[in-house]
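Everything below concerns the one structure shown next.
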Amino acid sequence: MIHGEGIGEYDVTVEGKGVRLTGVHRAESPNYLFADLSIASNAPAGEIYLVFSREGESFKRAYTLSERREGSAQRGSFTTADMIYLIMPDRFANGDPSNDNSPLTSELADRSDPFGRHGGDIQGIIDHLDYLSDLGITAIWNTPLLLDDDRGGTSYHGYSCADYYLIDPRFGSNELYRTLVQKCHEKGIKMIMDVVTNHAAADHWWMKDLPFSDWINQWPEYTHTNACFSTTIDYNASAIDRKGMDKGWFTETMVDMNLDNPYLLQYFKQWAVWWIEWADLDGFRVDTYPYNEKVPMSEWCRAVLSEYPDFNIVGECWTGSVPQLAYWQAGNPNKDGFDSHLPSIMDFPLQAAIYTAFPEDKVNWNEGMVRIYDCISHDFAYQDMSNMLVMSSNHDLGRLGDALKKCPERQKLVMTLIATVRGIPQIFSGDEMMFCSSDVRQGDGGKRVDFPGGWQGDAFDLFTPEGRSAANVWNNGEPLPEGTYADLYDYVSTLFRWRKTADVIHNGKTMHFLTRDNTYAYFRYDDAGRKVFVYLNNSRDAVTVPWSSYAEIASDITEGRNVITGGTVDFSAPVQVGPLQSLVVEFQ
């Protein structure tokens, strides 16, 4: 894409070794040109020139070809061996107060406003990488860091992009983002970039002068998306409902991009490859995936994977319907022949079961932990269980701590499940210590809380052992039982650090057992004979593990290691698990 006043009236040639101009396309606006360049594999890195001429006048502009990193195309990505930590940068840590405001953006920082900018930034993440490494995190997913100056005054979340090639200056710079990725890699932590192809900011620079009228989806009057994912799959859906789904706007300040425009689609393909190369990324998370026009979005995934065959992309397909969710994963045998080429999907059905099952005490036939059993029993519907993102919570969901009514024992149970069940585990920043909403009545602003210790003057620094031990209130200010944060962190970090080397958890199969007493038992096992036994007692009573019920998989094992305590567990004698307690035993 070439943008400049009247540039569409010029002819174009190219100067430079190994590069050919193969096509020039003029837009509806006279201020754009689209040039097709063929770049030879042996083209030298450095500057080439685009030469523009018109009626005897000419000028040229430099265009840089950068050298790829060695082995870049073969780069790995996030897998079942990883534990993903979701960070909302504005609410994590303020490492550089000097960038809290910027002349490039209109919204000013105001930490007292739950929907305002609080000042967290890239430097704040860099400053606390040791904390994340100690916790056992192996991958970070940041909510978007690109320029966002939403005219609605809620730009902190980053999902209203105003420039796809520019890190928001209130977070830092493109160079600092690349430094963050480098420092993460030095600590064995991967970086997943959150990308938004469905919508952009109404304040994006191109909104003042669109290349084509169909660059965005336009309506006679504002039309909100109907948010009905089933219309893209439903044989019975009307055309108007399908259009309302993928061409309706997300909000009045988030315009709906039209990926059916081939030039926009190519722009997004190149932008994705550029960020992977520039920042040395390890994966993408795609926001609101089914809201995109599905065929060009499938082409986008395929284009990225053609450059990086081992790269992973996870799409947010927010539905509790198992067959609707399975539809969106690559390779699923859909009756309409559609293939999304999207490798990974987010396990919203399991997340919903977690939020419903774990708070329940008195349970009927199909309640409590039977909900988890039932959800896992639907695994047959998915094409690739190793590419399911298993969530404790995320920035759009209610805080897990609120759902569990601030019960640390149940928080540990959920963390145990997330760490040991099939798929790729992901937690939201603060779940390791059961963060709660500052005020549930505030909605998104209230649940996207600051991480105590990330700002100068915070009463407690929960990034440090001393701060976790000293804290005497929950992050929302309510009284906290002494030592709760320290105990939660120690439990979760022990679990996550063990998981890093537990190959049977990464690659093993699952066998689970049905009970109706609000407990859940399962084994992760492999062909090499390795086994891990997980027992979750979500009841208010102590329970003796019914070891004989597991004879089909456990007849040859009795003694194993307690993953949390390191002690020996011997099932040749009765083993009891206390109320709201878990047991994770590793057998060799």
Side-chain angles (χ1 to χ4, degrees), residues 353-376 392 400-401 403-421 431-434 480-495 498-499 505 510-524 531-555 557-587:
I354 288 171
Y355 272 50
T356 305
F358 280 93
E360 292 178 325
D361 282 327
K362 296 180 180 179
V363 296
N364 294 313
W365 186 251
N366 287 317
E367 297 176 339
M369 299 307 285
V370 175
R371 299 182 191 274
I372 307 299
Y373 179 95
D374 182 67
C375 192
I376 300 297
S392 63
L400 178 60
L404 300 180
K405 302 171 184 171
K406 299 185 180 68
C407 177
E409 292 79 15
R410 283 190 159 135
Q411 188 83 4
K412 290 180 182 179
L413 289 174
V414 175
M415 293 294 104
T416 303
L417 177 73
I418 294 296
T420 57
V421 78
D431 279 356
E432 67 272 25
M433 287 181 282
M434 201 176 188
L480 173 75
E482 184 178 352
T484 300
Y485 278 143
D487 179 58
L488 280 167
Y489 178 89
D490 291 345
Y491 180 90
V492 174
S493 60
T494 299
L495 190 63
W498 162 77
R499 191 190 185 282
I505 299 294
T510 299
M511 182 182 292
H512 62 169
F513 295 83
L514 176 65
T515 58
R516 305 284 185 181
D517 60 356
N518 214 4
T519 66
Y520 184 45
Y522 55 97
F523 285 81
R524 302 298 310 283
K531 295 171 184 172
V532 170
F533 173 64
V534 183
Y535 192 85
L536 306 176
N537 180 12
N538 192 44
S539 77
R540 296 284 181 175
D541 301 312
V543 177
T544 299
V545 176
W547 191 250
S548 61
S549 298
Y550 315 138
E552 63 191 279
I553 191 172
S555 62
I557 54 175
T558 55
E559 191 174 288
R561 188 184 75 90
N562 185 315
V563 164
I564 299 299
T565 67
T568 298
V569 182
D570 186 356
F571 288 100
S572 63
V575 173
Q576 199 171 68
V577 178
L580 304 183
Q581 299 294 309
S582 64
L583 180 64
V584 183
V585 182
E586 183 177 43
F587 299 91

State, with a plain yes or no, whether a side-chain heavy atom of [X] is found less than 4.5 Å away from one of [Y].
X: Val575; Y: Thr544; result: no
X: Leu583; Y: Val585; result: yes
X: Asp490; Y: Tyr485; result: no
X: Leu400; Y: Tyr355; result: yes

Looking only at atom types and distance, does a side-chain atom of [X] sit under 3.5 Å from a main-chain N or O of [Y], one as donor and one as acceptor?
X: Asn562; Y: Gly567; result: no
X: Ser555; Y: Glu552; result: no
X: Asp570; Y: Glu559; result: no
X: Lys531; Y: Ile553; result: yes
X: Arg561; Y: Thr568; result: no
X: Thr356; Y: Ala353; result: no
X: Arg499; Y: Ala419; result: yes

Gap between atom [atom2] of [Y] and atom [atom1] of [X] - 0.5 Å precision:
X: Arg516; Y: Met369; atom1: CZ; atom2: CE; answer: 13.5 Å
X: Ile418; Y: Leu413; atom1: CD1; atom2: CG; answer: 12.0 Å
X: Asp541; Y: Thr519; atom1: CG; atom2: OG1; answer: 11.0 Å
X: Tyr522; Y: Ile376; atom1: OH; atom2: CD1; answer: 8.0 Å
X: Leu488; Y: Lys412; atom1: CG; atom2: NZ; answer: 6.0 Å
X: Glu586; Y: Ile505; atom1: CD; atom2: CD1; answer: 8.5 Å

Arg371 bridged to Glu360 by N-O distance under 4.0 Å: yes
Test side-chain contact (heavy atoms from CB on, under 4.5 Å) applied to Val534 and Thr416, step by step: CA-CA 8 Å; Val534 183; Thr416 303; 4.1 Å; yes
So, for [X] and [Y], which heavy atoms are closest and what is the spacing to 0.1 Å?
X: Phe358; Y: Leu417; value: CE1-CD2, 4.0 Å
X: Lys362; Y: Glu367; value: O-OE1, 4.0 Å
X: Ser392; Y: Asp431; value: OG-OD2, 2.6 Å
X: Gly368; Y: Asn518; value: CA-OD1, 3.3 Å

Qualifying residue for ring-ring contact (aromatic ring centres under 6.0 Å, His included) with His512, from Tyr535, Tyr373, Tyr550, Phe523: Tyr373
Scan side-chain atoms only and decide if [X] and [Y] contain a donor-acceptor pair under the 3.5 Å cut-off.
X: Ser539; Y: Asn537; value: yes
X: Tyr491; Y: Ser582; value: yes
X: Thr510; Y: Arg524; value: yes

Derivation of the side-chain contact (heavy atoms from CB on, under 4.5 Å) call for Leu580 and Arg540: CA-CA 6 Å; Leu580 304 183; Arg540 296 284 181 175; 3.4 Å; yes
Plane angle bin for Phe533 and Trp547 - parallel if under 30°, tilted between 30 and 60°, otherwise perpendicular: perpendicular
side-chain contact (heavy atoms from CB on, under 4.5 Å) assessment of Val421 paired with Tyr520: CA-CA 12 Å; Val421 78; Tyr520 184 45; 5.8 Å; no
Glu482, CD: over 12 other non-hydrogen atoms inside 6.0 angstrom: no
